[in-house]
Amino acid sequence: MKPILQAEAAECGLACLAMVASHHGHRCSLAELRQRFGLSLKGASLARLTDIARSLGLQPRPLRLELDDVDKLRLPCILHWDLNHFVVLTRCGRRGATVVDPGFGERVLRPEELSTHFTGVALELSPGHDFVRRAAPPAIGLRQLTGRIRGLGGALAQLLGLSLALQVFVVLAPFYLQWVIDQVLVSADRGLLSLLALAFGGLLLLQVATGWVRGAAVLHLSSRLGQQWTGNVFAHLLRLPLQFFERRQLADVVSRLGAVQAIQRSLTTSAVEAVVDGAMALVTLAMMLAYSPRLAMFTGVAVLVYLAMRTATYGPLRRGTERQLVTAARQQGHLLETLRGMQSLKVSGQEASRQSAYANLLARTLNAEVGLARLGLGLSGANLAVFGLERLLVVWFGAGLVLDGAFSVGMLVAYLAYKDQFAQRVAGLIDKGLEFRMLRLHGERLADVVLAPPESDAADTRLPEVAGERGLRVDGLGFRYADGEPWVLRECGFSIGAGECVAIVGPSGCGKTTLLKLMLGLLPASEGQVRVDGRPLAAIGLREFRATVGAVMQDDTLFAGSIADNIAFGEVDPDATRIEAAARLAAVHDEIVAMPMGYHSLIGDMGNSLSGGQRQRVILARALYRQPRFLFLDEATSHLDVERERQVNDAVRRLRITRVIIAHRPETIASADRVLVMHQGRIVADHRVERRPVTPDPLAASEASPVTA
Ligand SMILES: Nc1ncnc2c1ncn2[C@@H]1O[C@H](COP(=O)(O)OP(=O)(O)OP(=O)(O)O)[C@@H](O)[C@H]1O
């Protein structure tokens, strides 16, 4: 069974279904299933997998069974694994079982290993009456991956011309030896020897110069291609919806982007070399045939044997490469996560368990690399043997031809040079042909990023507007993270007048952050809509709407750079007065100026030179610097002391911009004009706040409970 490896953290079940459906003849890709049956980060339950299997025309049969009965299962079937994963069982015997793990590829397990992972739940799948066999979807074209790259065709043609020019010397060089041996040595003609040396010396100079120009052209093309393409991919990455990143591991996305370099290298060097190798193989073959078709036969057979060997090992090589890429990405992900979570690790004393998990991942990566290297070693050994034997035979029969007088010594030497060239070029051509096929693997991995649909930014002006409406309105909003999952929001509706401040409160997990993300257009609504001044978000366009918005979310981060850079956040020409004003509003100005470098103080890429409260206020200053019309705060002051929070709340209240605040603390809730109470994804109460003077005494303030119904 051809393994289909998962890209998102929680799509092992989907990958297993794709493998089983493809095995039965309904060839489908994971990307296609992902689009049809989107899953959330929480993954799919067995019940959801059963539903998806039915939609694919497969008859599911969920079973609970003992380990001893596993060999009675109808294969391939899906096994529930380690309580949080699914794998496909493809073979089961007395000595062990073969499973295809969408996380790592094929694995052979001993019965005791099977028993430690298998939870006792399996899903048998067989084609039902409505099962449709289907050919594999067409491979992804290179053009789809690279987008438009200006000047690529011209640069490649130039490179090809230079490369072909270089080959003239290669074709003519053997004549030098032949003429020296047959003409100069026989007749002791020193004049002719000098002439030949001069002529071929000049040719050599020409070759060096052309080689240099070609090298420079390759460098130029690679850097231009790299700049345009990597730039295009990064720009696309920035346009992808938030959900794309939430579902994936960071290191996996980074590893997929690495495919750009692999493809680019093949495009700039291997593609041109392949054409040159092809042309040279034809020319040298013609020369060989002109010298002796019989001798040429030996080389032809050797080349065919090499081709057969490479084709036979392509499958294992591809699977090995894929496994190596995936395991390396896992290992990298573990490393990144460890670095980010160092504090939690140390506090909970989990260094040893982290270390052993890393050692396991490292072992898997190394095993994958060793497997690949072994395959490479085997191939180069076989290559040496085949072409060594072929050379032995050619010299044997060639020498016979010289003895028979059919060949001169010079001709034999020249023939051997052509034959070596031919064998080398054809082997190169075969290698590059397979390298191009292997590019599909890189292409498929990159396609997961490059072909993912970006956030729709275009304003849909056909959508109806409500004239005269001001502020924000949430209308019958419904949302769930994936089909088949419980609704997080359902029939959620309320409105917020322009300049009004509304606090949303409710128990943890009731959907407040999700609601805010929907209002910001970070998540697409499953039902209903959000309107701004009577216009649906989609009619305004996300980019245009977000330009009017400032937001502080729970897990917002700072970026490497100075505090001023972070407050002005990417503005080309930051305004120092506005930066200071925003910092004052966020009640962080005094602390910034007390730092030795003031606003130029550098903060690490995780903002770790600031306290939690300072970090929150710098992020708030960043939101206020934009002078937004709408301010969204999700527990934005949760790290502040009561007095500091009061200062921030008072300052924000004075702005009289439309504000939506999620908070648990009574002091923050009291700063709002209205309180919306949320319960299980619905607004269940709407209170107006009776404003009371807030006492500056922190102790008294902590006891205040100013929200009244
Ligand atoms: N990316 C996600 N994928 C799947 N489910 C999610 C995701 N994010 C949140 N949820 C689920 O959605 C529900 C609402 O989460 P949300 O973060 O909106 O709650 P909240 O009211 O803001 O909670 P809190 O007050 O603790 O921040 C929760 O049950 C949560 O498990």
Side-chain angles (χ1 to χ4, degrees), residues 6-14 34-35 37-45 47-49 51-52 84-85 240-250 252-253 333 337 452 455 472 474 477-494 496 502-528 530 551-557 612 616 619-620 631-640 645 659-669 672 675-686 707:
Q6 65 193 89
E8 296 183 1
E11 63 182 11
C12 52
L14 219 50
R34 194 185 299 140
Q35 222 159 39
F37 314 100
L39 296 181
S40 84
L41 250 189
K42 291 179 179 161
S45 62
R48 177 80 183 123
L49 277 193
D51 284 347
I52 299 177
N84 60 4
H85 194 52
L240 291 177
L242 189 64
Q243 271 179 313
F244 176 91
F245 301 97
E246 283 187 344
R247 287 176 180 169
R248 283 167 175 78
Q249 288 200 341
L250 177 66
D252 186 64
V253 177
E337 202 179 44
E455 254 180 349
L472 294 165
V474 168
L477 206 59
F479 181 79
R480 52 182 172 178
Y481 280 93
D483 293 343
E485 281 203 8
W487 289 88
V488 176
L489 298 179
R490 200 83 202 262
E491 288 165 28
C492 182
F494 56 91
I496 301 172
V502 169
I504 300 174
V505 300
S508 176
C510 70
K512 302 180 296 294
T513 302
T514 307
L515 172 63
L516 220 60
K517 286 185 177 170
L518 282 155
M519 292 175 81
L520 284 163
L522 291 172
L523 294 174
S526 315
E527 290 176 358
V530 177
V552 180
M553 305 300 279
Q554 272 181 35
D555 43 8
D556 265 349
T557 48
Q616 271 194 336
I619 293 174
L620 177 62
L631 187 64
F632 294 86
L633 305 177
D634 188 355
E635 314 226 2
T637 50
S638 57
H639 290 310
L640 306 192
E645 190 178 24
R659 282 150 293 151
V660 184
I661 300 175
I662 293 179
H664 289 295
R665 282 218 207 151
E667 290 76 15
T668 317
I669 300 166
V675 178
L676 300 179
V677 182
M678 197 166 180
H679 185 66
Q680 294 183 343
R682 279 193 182 86
I683 300 296
V684 290
D686 185 345
V707 181

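Quick caveat: nothing in here was measured; it's all calculated off a predicted structure. For ligands, and for the atoms within them, numbers begin at 1 and follow the listed sequence.
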Approximate separation, where rounding is to 0.5 Å, of [X] [atom1] and [Y] [atom2]:
X      : Y      : atom1 : atom2 : answer
Glu246 : Leu523 : CD    : CG    : 6.5 Å
Leu633 : Ile661 : CG    : CD1   : 5.5 Å
Thr513 : Glu635 : OG1   : CD    : 6.5 Å
Ile496 : Leu676 : CD1   : CG    : 6.5 Å
Phe632 : Leu472 : CZ    : CG    : 5.0 Å
Tyr481 : Thr514 : OH    : OG1   : 3.0 Å

>> Is the contact between Glu246 and ligand 1 made by the side chain, the backbone, both, or neither, using heavy atoms and a 4.0 Å cut-off?
In response: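 Just the side chain.
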
> Would Gln243 count as a contact of ligand 1 if the rule is a heavy atom under 4.0 Å away?
Replying inline: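 The answer is no, since Gln243 has no heavy atom less than 4.0 Å from ligand 1.
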
Numbering as shown, the atoms of ligand 1 that approach [X] to under 4.0 Å (heavy-atom distance):
X      : result
Thr513 : 17 (O), 18 (O), 20 (P), 22 (O), 27 (O)
Gln554 : 27 (O)
Val488 : 12 (O), 13 (C), 14 (C)
Thr514 : 14 (C), 15 (O), 16 (P), 18 (O)
Lys512 : 18 (O), 19 (O), 20 (P), 21 (O), 22 (O), 23 (O), 24 (P), 25 (O)

> Where is the nearest protein heavy atom to atom 5 (N) of ligand 1: which residue, which atom, and how far?
Replying inline: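 Heavy-atom neighbour on the protein nearest atom 5 (N) of ligand 1: Tyr481 CD1, 3.3 Å.
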
>> Starting from atom 30 (C) of ligand 1, what is the nearest protein heavy atom, named by residue and atom, and what distance separates them?
In response: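 Answer for atom 30 (C) of ligand 1: Lys42 NZ, 3.7 Å.
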
>> If you measure every N or O of Ser508 against every N or O of ligand 1, does any of those distances drop under 3.5 Å?
In response: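 Ser508 vs ligand 1: N/O contact under 3.5 Å present.
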
>> Nearest non-hydrogen contact with atom 28 (C) of ligand 1 belongs to which option: Gly511, Ala663, Gly509, Gly681?
In response: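 It is Gly509 that holds the nearest heavy atom.
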
> Minimum heavy-atom separation for Ser526 to Arg480, with atom names?
Replying inline: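 Between these two residues, the closest heavy atoms are OG-N, 3.3 Å.
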
>> Treating Lys512 as the side-chain partner and Pro507 as the backbone partner, does any N or O pair qualify as donor plus acceptor under 3.5 Å?
In response: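 Present.
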
